[in-house]
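Each chain gets a letter, A, B and so on, in the order its sequence line appears, and its residues count up from 1.
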Protein chains: 2
Amino acid sequence: MSTAQGARARARAEVTAAIKEAARRQLAEEGAARLSLRAVARELGMVSSALYRYFPSRDELLTALIIDAYDSLGVAAERARDAAPDAAPVDRWTAVCEAVRGWALAHPHEYALIYGSPVPGYSAPETTVPAAARVGLVLIGIVRDAHQGPGLSLPPLPADLRPEAARIAADLAPELPAEAAAALVAAWAQLFGLVGFELFGQFNRVVEDREAFFRHAAGGLARQVGLADG
Amino acid sequence: MSTAQGARARARAEVTAAIKEAARRQLAEEGAARLSLRAVARELGMVSSALYRYFPSRDELLTALIIDAYDSLGVAAERARDAAPDAAPVDRWTAVCEAVRGWALAHPHEYALIYGSPVPGYSAPETTVPAAARVGLVLIGIVRDAHQGPGLSLPPLPADLRPEAARIAADLAPELPAEAAAALVAAWAQLFGLVGFELFGQFNRVVEDREAFFRHAAGGLARQVGLADG
DNA sequence: CAAAAAAGAGAGCACCGCTCTTGCTCTGGG
DNA sequence: CCCAGAGCAAGAGCGGTGCTCTCTTTTTTG
């Protein structure tokens, strides 16, 4: 067995998991700014210096939580994508958008951690990139399916954006037309604008029925990326 | 004279301004999380406790900076709106969007302060609301002008959103049709999604020519709120 | 001119991230 | 089997933080 590495390694993995769990709880309750290594250690009945055997700094612990958060959001998006594989692309799109919103509302501090302001002195290491890409890949996949199925309806690009759109398409989804790739990236960013504004209180006293409003806006994003209208 | 209140009041205003200025400098250099009352006091040659005569807490100082940032962004948007009062609404719209982006790129930490994650466990007090509304009012004004001039072209609303859209219109811009008000709020949030993603690094390795990309996306937002296409 | 209000200075509290040293325990190679 | 070394927890301590309290000085005001 590969896990037969010994009791020591298993204990280390367990303590690491316990630290992350406690930290995630504190993060959910207090927010990233208030997450304290000493408090985590206290909760686990250790002394603060012992924690440094597992995470070399508070920022490293935060990075681990960031990756977990990206993964958790990615899983939520993937589940929504796979829930109704035969539905119309526009419905799958809005389902994924609503899953993103739902995850954000359920994990506001984790959402703030990954899509809010970068917390510490600029540490967004490369290791977070694959996890961060997951939800984007889900969106790309839906548009790709639609492109290979019912097709996309998109206006042509202005000349000055054509090279950039081609570059984006080449990097992101070579099988998609350039205008779809560009629209997709814009819609991706705009989706998180909608979610972030609701979550961070900008919609207070402005939008009441946020569910309905978001569903409508997500449908607009779907139209924007060329998914056929209902 | 109203300023003849005495040397004491004037001195107080000057010290308050100096504190805010030093804090703004630190904010621009280090970010909100690293802004330290003690460091501000040190820079001003005072002792930290003296600072509490001017701001009752670190959060109050941050709130003052938040209001200033909202105002600064609002002024930038208003200037862009007024730069070409006779231009087509769609061009004035994109000009304002580009002004918002330009301000954000020039003041990243201040942008993060007002549109990033809410910093500690603190919620923005009521006093920030009017300042926060300025840039929104600019966008509303442009659409209102277009509505009273060349007119708007918008698809009808789905039935389930109609009451919410009417409520939004009533609160925000009673002279606008409900579908314009709803589209406006969505575009407003989406604009800041675009800006935030660029600023917080989500476009790294994805979008290269961000200027062109943003101009195109802002044009899409203009279409979305019903402004006539070029 | 005296009382009151405002302001600054300093000490101090409780917390923070992080480092260093000191022991203890577990593990693996001779 | 045994012991050197690795892994780990604990404690003390450094410099930093926000904030409070007291004391003194200065300025305004009745």
Side-chain angles (χ1 to χ4, degrees), chain A residues 1-20 22-23 25-27 29-66 113 118-123, chain B residues 1-20 22-23 25-27 29-66 113 118-123:
Chain A
M1 303 235 329
S2 62
T3 58
Q5 257 299 19
R8 192 132 225 175
R10 187 164 46 249
R12 181 175 181 85
E14 276 171 17
V15 173
T16 305
I19 291 170
K20 284 213 287 187
R25 269 206 333 95
Q26 286 204 8
L27 175 66
E29 285 172 7
E30 306 275 359
R34 291 236 200 283
L35 182 130
S36 146
L37 263 170
R38 289 179 116 113
V40 169
R42 219 174 301 136
E43 182 176 324
L44 265 53
M46 339 173 52
V47 98
S48 77
S49 59
L51 240 154
Y52 287 82
R53 300 258 169 213
Y54 299 88
F55 293 93
S57 75
R58 179 180 180 276
D59 283 2
E60 293 277 340
L61 175 55
L62 268 182
T63 300
L65 296 182
I66 286 175
L113 187 62
V119 191
Y122 287 117
S123 70
Chain B
M1 292 188 53
S2 63
T3 59
Q5 255 301 17
R8 189 134 227 176
R10 186 163 47 248
R12 182 174 182 85
E14 276 169 17
V15 173
T16 305
I19 291 171
K20 285 212 289 184
R25 270 204 334 95
Q26 286 203 8
L27 175 66
E29 284 170 9
E30 305 274 359
R34 294 241 198 282
L35 183 132
S36 149
L37 261 167
R38 289 178 113 113
V40 169
R42 222 158 15 221
E43 183 176 324
L44 266 52
M46 346 173 47
V47 100
S48 77
S49 60
L51 235 153
Y52 286 81
R53 302 262 176 215
Y54 298 88
F55 293 94
S57 77
R58 180 180 180 274
D59 283 1
E60 293 279 339
L61 175 55
L62 269 181
T63 299
L65 296 182
I66 285 175
L113 187 62
V119 194
Y122 122 127
S123 60

Original post:
Just how far, in rounded Å, is P of C:dC16 from CG of A:Asp59?
Top reply: 16 Å
**OP:** Starting at atom CG of A:Leu62, determine the distance to atom C1' of C:dC18, rounded to an integer number of angstrom.
**Re:** 15 Å
Original post:
If every non-hydrogen atom of A:Leu65 is compared with every non-hydrogen atom of A:Ala23, which pair is closest and at what distance?
Top reply: CD1-CB, 3.9 Å
**OP:** Identify the two heavy atoms, one from B:Ala64 and one from B:Lys20, that lie closest to each other, and give their separation to 0.1 Å.
**Re:** CB-CD, 3.9 Å
Original post:
Is there a donor-acceptor contact under 3.5 Å from the side chain of B:Arg53 to the main chain of B:Arg12?
Top reply: no
Set out, line by line, the N/O atom pairs under 3.5 Å between protein and nucleotides 6-9 of chain D.
from, atom 1, to, atom 2, distance (Å)
D:dC8, OP1, A:Arg12, NH1, 3.4
D:dC8, OP2, A:Arg12, NH1, 2.6
D:dA9, OP1, A:Tyr54, OH, 3.2
D:dA9, OP2, A:Tyr54, OH, 3.2
D:dA9, N6, A:Arg53, NH2, 2.9

Subject >> Pair A:Tyr52-A:Leu37, side chain to side chain contact (heavy atoms under 4.5 Å, CB included): steps then yes or no >> reply: CA-CA 9 Å; A:Tyr52 287 82; A:Leu37 263 170; 3.3 Å; yes
Original post:
What is the distance, rounded to the nearest whole Å, between atom CG of B:Leu44 and atom P of C:dA7?
Top reply: 15 Å
Subject >> Protein proximity profile, nucleotides 12-18 of chain D - base contact B, sugar-phosphate-only contact S, no contact -, cut-off 4.0 Å on heavy atoms >> reply: -B---BB
Which donor-acceptor pairs under 3.5 Å do side chains of residues 38-50 of chain B form with protein atoms, sequence neighbours excluded?
from, atom 1, to, atom 2, distance (Å)
B:Glu43, OE1, B:Arg25, NH2, 2.8
B:Glu43, OE2, B:Arg25, NE, 3.4
B:Glu43, OE2, B:Arg25, NH2, 2.7

**OP:** Measure from CZ on A:Phe55 to C1' on C:dC16 and round the result to the nearest Å.
**Re:** 19 Å
**OP:** Kindly compute the distance separating CG (A:Leu27) from CG (A:Leu35), expressed to the nearest 0.5 Å.
**Re:** 6.0 Å
**OP:** Please round to the nearest 0.5 Å and tell me the distance separating atom CD of A:Glu14 and atom CD1 of A:Ile19.
**Re:** 12.0 Å
